[in-house]
Amino acid sequence: MTNQKTTRPPVVAVLGHIDHGKSSLLEAIRDFGITEGESGGITQHIGAYQVEEATFIDTPGHQAFSAMRSRGAQVADIAILVVAADEGVKDQTEEAINFIEEAGVPMIVAINKMDKEKADANKVKRQLAECGVEVEERGGEIPSVELSAETGDNVDELLEVIALVAEMEDLKADPSARAEGVIIESYLDSQQGPLATILLRQGTLEAGDLVATNSTFGTIKNMQDSQGERLEKIEASQPALMLGFSEVPQVGEKVYHFEEQEEAKEFIEEEERKRSIEAGEGLNAILKVDVQGSIEAIEQVLEGIPQEKIDLKLIKKEVGDISEADVRRAQTV
């Protein structure tokens, strides 16, 4: 299969302190992208939507973002740090900065609530500098936009900055590659069954395709966008609400396209084996060495193994050869 990489829209996560206007900004961006012919706006919450050639993740704060990252899912290409101009940097602002830095994605600072009487953008920038975030106005490299989600002022400027950063990142995807994505939202609907929002990162998915996550699989019966419009196919950076999983997948799980159901089941079984080890079910070991002095040295090496990866327990340690009794004990514990 030939490489056919093309430019894809950026995926943008919005983070910041509670009550600093993350939701209001997402709504302002969404409303900015709704045309006159789209009266009624968003008809359902699917956890993400596309506006002005960008996809915005509408997740419930840092916990979901962290859950995606902890499962190895690279979700966002750009992160917007929202800081209220009248309140400045708070604890959750610093927490969001850490999340963004750990994710290794470009940051854009959105200084929100500039319409408030006590708004002080310069104070916010000084506080951010104390946290290691130097905006361009102060000689740094991080772009910032002073705006108001309430009035809509400068929301268009923020979208322009996002487009510029995305262009510099040169985001690419291959529509012909094997489809791969991330679950960004999931729930059990009493009438339709398991529903999940897929954000595709690579390739193309079509209705009727077989997909699997680390824990479940299914055939795509139906896909919809945030307007409730049916989608026959989706490409990279495009989100869709999917019906077809046999069980509800977990947020942050990766999604892959498979040709055969047996192949999908084998993948899930292998992932379950990996999880059983990573979950620390425990690995019991018998240590037999040639001389007594080796026991302490080897123990120190074994204790250096991260316990969140393997819960290692030495059930026996002594000098001598491995006996049949040792083997039988190892098989039964």
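Since the structure is predicted, the reported quantities are computational estimates derived from the model, not experimental observations. Numbering starts at 1 and runs along the sequence shown.
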Whether [X] side chain and [Y] backbone form a donor-acceptor pair below 3.5 Å:
X	Y	answer
Asp86	Lys116	no
Gln127	Val89	yes
Ser148	Asp153	no
Gln202	Asp174	yes
His257	Ala179	no
Glu253	Gln250	yes
Asn112	Ala149	yes
Ser144	Val109	no

Inspect the contact between [Y] and [X] and indicate whether a charged nitrogen and a carboxylate oxygen are less than 4.0 angstrom apart.
X	Y	value
Glu95	Lys90	no
Lys113	Asp115	no
Arg273	Glu270	yes

Kindly write out the residues that satisfy side-chain contact (heavy atoms from CB on, under 4.5 Å) with [X], not counting sequence neighbours, or none if the list is empty.
X	result
Asp19	none
Ala48	Thr55, Ile184, Pro239
Glu141	none
Val145	Leu147, Asn154, Glu157, Leu158, Val161

With rounding to the nearest 0.5 Å, note down the distance linking [atom1] in [X] to [atom2] in [Y].
X	Y	atom1	atom2	answer
Ile97	Cys131	CD1	SG	4.5 Å
Asp170	Thr7	CG	OG1	6.0 Å
Ile198	Met242	CD1	CE	5.0 Å
Leu195	Leu243	CG	CG	5.5 Å
Gln50	Asp225	CD	CG	9.0 Å
Lys172	Thr6	NZ	OG1	7.5 Å

Side-chain heavy-atom pair [X], [Y] within 4.5 angstrom cut-off:
X	Y	result
His20	Val83	yes
Lys125	Ile111	yes
Arg178	Phe258	yes
Ile234	Thr204	no
Asp77	Arg201	yes
Val165	Ile162	no
Val155	Ile29	yes

Residues two or more places apart in sequence or in another chain: which of them pass side chain to side chain donor-acceptor pair (under 3.5 Å) with [X]?
X	result
Glu117	none
Ser237	Arg8
Glu134	Arg138
Glu150	none

Supply the members, apart from Leu188, of the Ile/Leu/Val/Met/Phe/Trp/Tyr cluster built from side-chain contacts under 4.5 Å; use none for a lone residue.
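Result for Leu188 is Val248.
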Between Thr197 and Ile183, is the side chain to side chain contact (heavy atoms under 4.5 Å, CB included) condition met? List the steps.
CA-CA 6 Å; Thr197 299; Ile183 300 293; over 6 Å; no
If hydrophobic clusters are built by linking Ile, Leu, Val, Met, Phe, Trp and Tyr wherever their side-chain heavy atoms come under 4.5 Å apart, do [X] and [Y] end up in the same one?
X	Y	answer
Val105	Leu81	yes
Ile220	Phe217	no
Leu159	Val14	yes

Residues forming a ring-ring contact (aromatic ring centres under 6.0 Å, His included) with Tyr256, sequence neighbours excluded:
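Partners of Tyr256 by the ring-ring contact (aromatic ring centres under 6.0 Å, His included) criterion, ordered by chain and then number, come out as Phe267.
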Checking Asp189 now: which residues fulfil salt bridge (charged side-chain N to carboxylate O under 4.0 Å, His left out) with it, not counting sequence neighbours?
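Checked Asp189 against salt bridge (charged side-chain N to carboxylate O under 4.0 Å, His left out); zero matches.
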Give the intermediate values and the outcome of side chain to side chain contact (heavy atoms under 4.5 Å, CB included) for residues Val12 and Ile57.
CA-CA 6 Å; Val12 184; Ile57 302 175; over 6 Å; no
Tyr49 vs Phe56, side chain to side chain contact (heavy atoms under 4.5 Å, CB included): CA-CA, chis, key distance, verdict:
CA-CA 6 Å; Tyr49 54 85; Phe56 293 85; 4.2 Å; yes
Other residues, nucleotides, ligands: >12 heavy atoms within 6.0 Å of Glu167 CD:
no
Can you confirm whether Lys221 is buried at NZ, in the sense that more than 12 heavy atoms of other residues, nucleotides or ligands lie under 6.0 Å from that atom?
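12 or below, so no.
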I would like to know whether Glu272 and Lys274 meet salt bridge (Lys or Arg N to Asp or Glu O under 4.0 Å); could you show each step before the answer?
CA-CA 5 Å; Glu272 287 176 348; Lys274 290 179 183 177; over 6 Å; no
Tell me which pairs pass salt bridge (charged side-chain N to carboxylate O under 4.0 Å, His left out) where either residue lies in residues 235-248, with sequence neighbours left out.
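Every salt bridge (charged side-chain N to carboxylate O under 4.0 Å, His left out) pair that includes a residue of residues 235-248, provided the two are not neighbours, is Lys233-Glu235.
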Steps toward side chain to side chain contact (heavy atoms under 4.5 Å, CB included) verdict (Ile142, Ile108):
CA-CA 6 Å; Ile142 299 173; Ile108 299 171; 5.9 Å; no
Identify the two heavy atoms, one from Phe245 and one from Pro194, that lie closest to each other, and give their separation to 0.1 Å.
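Closest heavy-atom pair between Phe245 and Pro194: O-CG, 3.4 Å.
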